[in-house]
Amino acid sequence: MNFIKQIDLKRAALHCFYWIFFLFFYFSNKADNEDSYAFLFIYSWKIVAQAAVGYGLIYWIIPQTLNKKKYLLFTVSALGWLYFVFALLMILKFYYLEPKFPGFFDYWPGHKMTVIERLTSVKLMLREFSFLTYPVIILGFISFNRKQQRLLKLEEEKKSMELKILKNQLNPHFLFNTLNNLYTLTLKKDHKAPEVIAKLSEILDFVLYRCNEDYVSIEKEIALIENYIGLEKLRYSENRLTISFTKNIEVSNKISPLILLTFIENAFKHGVINETEKAIISLHLESKKQQIIFSIDNTKPKNDFGKTSDKSKIGLVNVRKQLDLLYPKKHQLEIEETQITYAVKLYLNI
């Protein structure tokens, strides 16, 4: 009973329809003088033989040999299985079908042969092997296509899950840095704290609710960037920081959320916080037909405190992985570092 419950009835019905189709295909080519009952009875046994060859190869021999790269064993097993089914069919014809329907096989090439001659005739083997295998080739192609579709679906699910994991790592990293900024202002009892909270709430709204999709409009990403820049500018006076953000939006493309923000975070974290003199950050974003270009340059502190630690690279590592997943072979990331500047240029092909 458990075995019956495990059977996929829809799939079983499709397989039955497949072989019934072949039976009626043969019947449609029947000669007018051939007996219909005899034809259907004999070719039903031939269909059984074809099905035995097909299922034996697809569900038994190929998984146990070819899929495990045992090529010699596959060749021997496949030919052995073909011959075994061929031999059973020849014996069935000789001892049962021919006596039951005398005259039906009069024009069959092996009709006058003995059983031994039939089982050893290379010409007869080649003829019957071709008959037994051609429906199997179609069935094998269908099975291969279904397997490829399953693999693609699994790959997409894996990709989606990996992206979710990366974003779950990235969002807390971003929020942790932002909350640290707010904590610093509240300790100083700075009057800017309420404005920081307002901007932070807008950023949180985007991060928690609006960036769950793989892609968002470029305008939404710009709004996030401007909120973040506004949040950071509240922390520094004009004599500590000069920042410019220029945009050239020709086409409203879509982009993966938070991809650009990671580079901006790093510019503030490693180019401004530890700078004892005036820091400079320049951002430029272009969105044109089938391409987004983003660039950011920042000055580096002259002291050693601005060096990037392994722990602080989590955002950059994650953004590289996201680029590989979301823009495979469709992105180019250029990072240039000198003693006084750090520059990033990102090309995304849409």
Side-chain angles (χ1 to χ4, degrees), residues 1-27 40-97 108-110 113-162 325 328:
M1 289 297 293
N2 290 332
F3 173 75
I4 295 173
K5 289 180 181 178
Q6 290 174 357
I7 295 174
D8 186 340
L9 295 178
K10 183 180 177 181
R11 189 176 179 186
L14 286 172
H15 278 253
C16 289
F17 177 79
Y18 177 82
W19 294 112
I20 291 170
F21 166 80
F22 267 98
L23 180 60
F24 281 99
F25 172 75
Y26 297 140
F27 187 76
L40 285 173
F41 188 84
I42 291 165
Y43 271 86
S44 294
W45 282 105
K46 289 189 174 186
I47 290 290
V48 170
Q50 288 176 330
V53 169
Y55 295 127
L57 286 171
I58 293 170
Y59 295 107
W60 175 42
I61 294 173
I62 290 176
Q64 296 299 322
T65 58
L66 191 60
N67 290 353
K68 296 178 180 179
K69 299 182 179 180
K70 299 177 181 179
Y71 303 115
L72 180 60
L73 183 59
F74 165 72
T75 304
V76 173
S77 300
L79 289 175
W81 179 243
L82 268 170
Y83 182 80
F84 176 74
V85 176
F86 161 78
L88 289 178
L89 187 60
M90 291 301 101
I91 293 168
L92 179 71
K93 279 183 178 180
F94 187 83
Y95 288 108
Y96 179 67
L97 296 178
W108 181 59
M113 293 181 182
T114 64
V115 175
I116 301 300
E117 287 173 337
R118 294 182 187 189
L119 297 178
T120 55
S121 171
V122 176
K123 185 177 180 180
L124 197 58
M125 284 183 206
L126 293 175
R127 183 180 182 277
E128 292 295 326
F129 276 18
S130 63
F131 173 81
L132 290 170
T133 54
Y134 81 84
V136 178
I137 294 170
I138 300 172
L139 190 65
F141 176 78
I142 294 170
S143 177
F144 175 78
N145 187 53
R146 289 181 74 253
K147 185 178 179 181
Q148 289 300 110
Q149 288 178 343
R150 285 197 300 270
L151 288 173
L152 285 172
K153 186 178 179 181
L154 286 172
E155 189 65 29
E156 285 298 316
E157 289 174 355
K158 181 183 176 184
K159 175 181 171 180
S160 179
M161 183 60 69
E162 192 170 347
L325 287 168

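What you see is a predicted model; the values in this text were computed from it and never measured. Heavy-atom basis, side chains included; hydrogens, waters and symmetry copies ignored.
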Side-chain touch Met90/Phe86, heavy atoms, less than 4.5 angstrom: yes
Pairwise distance CG(Leu124) to CZ(Phe129) - rounded to 0.5 angstrom: 10.0 Å
Rounded to the nearest 0.5 angstrom, the OG1-CG distance for Thr114 and Leu119 is 8.5 Å
Inspect the surroundings of OH in Tyr55 and state if more than 12 heavy atoms from other residues, nucleotides or ligands are less than 6.0 Å away. yes
Tyr43: what forms a ring-ring contact (aromatic ring centres under 6.0 Å, His included) with it, not counting sequence neighbours? Tyr26, Phe39
Nearest heavy-atom pair of Leu57 and Ala78: which atoms, and what distance? CD2-CB, 3.7 Å
So, do Phe41 and Leu97 sit near enough that their side-chain heavy atoms are less than 4.5 Å apart? yes
Between Lys46 and Gln50, do the side chains contain a donor N or O and an acceptor N or O under 3.5 Å apart? no
In terms of ring plane angle, is the pair Phe84 and Trp81 parallel, tilted or perpendicular, where the classes change at 30° and 60°? parallel
State which residues pass ring-ring contact (aromatic ring centres under 6.0 Å, His included) with Trp108; sequence neighbours excluded, sorted by chain then number. none
Between Arg118 and Glu128, does any NZ, NE, NH1 or NH2 come within less than 4.0 Å of an OD or OE carboxylate oxygen? no
Minimum heavy-atom separation for Lys68 to Gln64, with atom names? NZ-OE1, 3.3 Å
Looking at CH2 of Trp60 and OG1 of Thr65, how far apart are the two atoms once the value is rounded to the nearest 0.5 Å? 9.5 Å
CD1-CD1 distance between Ile47 and Ile20, expressed to the nearest 0.5 angstrom: 10.0 Å
Smallest separation among heavy atoms of Val85 and Ala52, with atom names: CG2-CB, 4.4 Å
Under 3.5 Å donor-acceptor, Tyr83 side chain and Met125 backbone: no
Could you list the donor-acceptor pairs under 3.5 angstrom formed by side chains in residues 69-77, with sequence neighbours left out?
unit_1	atom_1	unit_2	atom_2	d
Thr75	OG1	Tyr71	O	3.0
Ser77	OG	Leu73	O	2.7

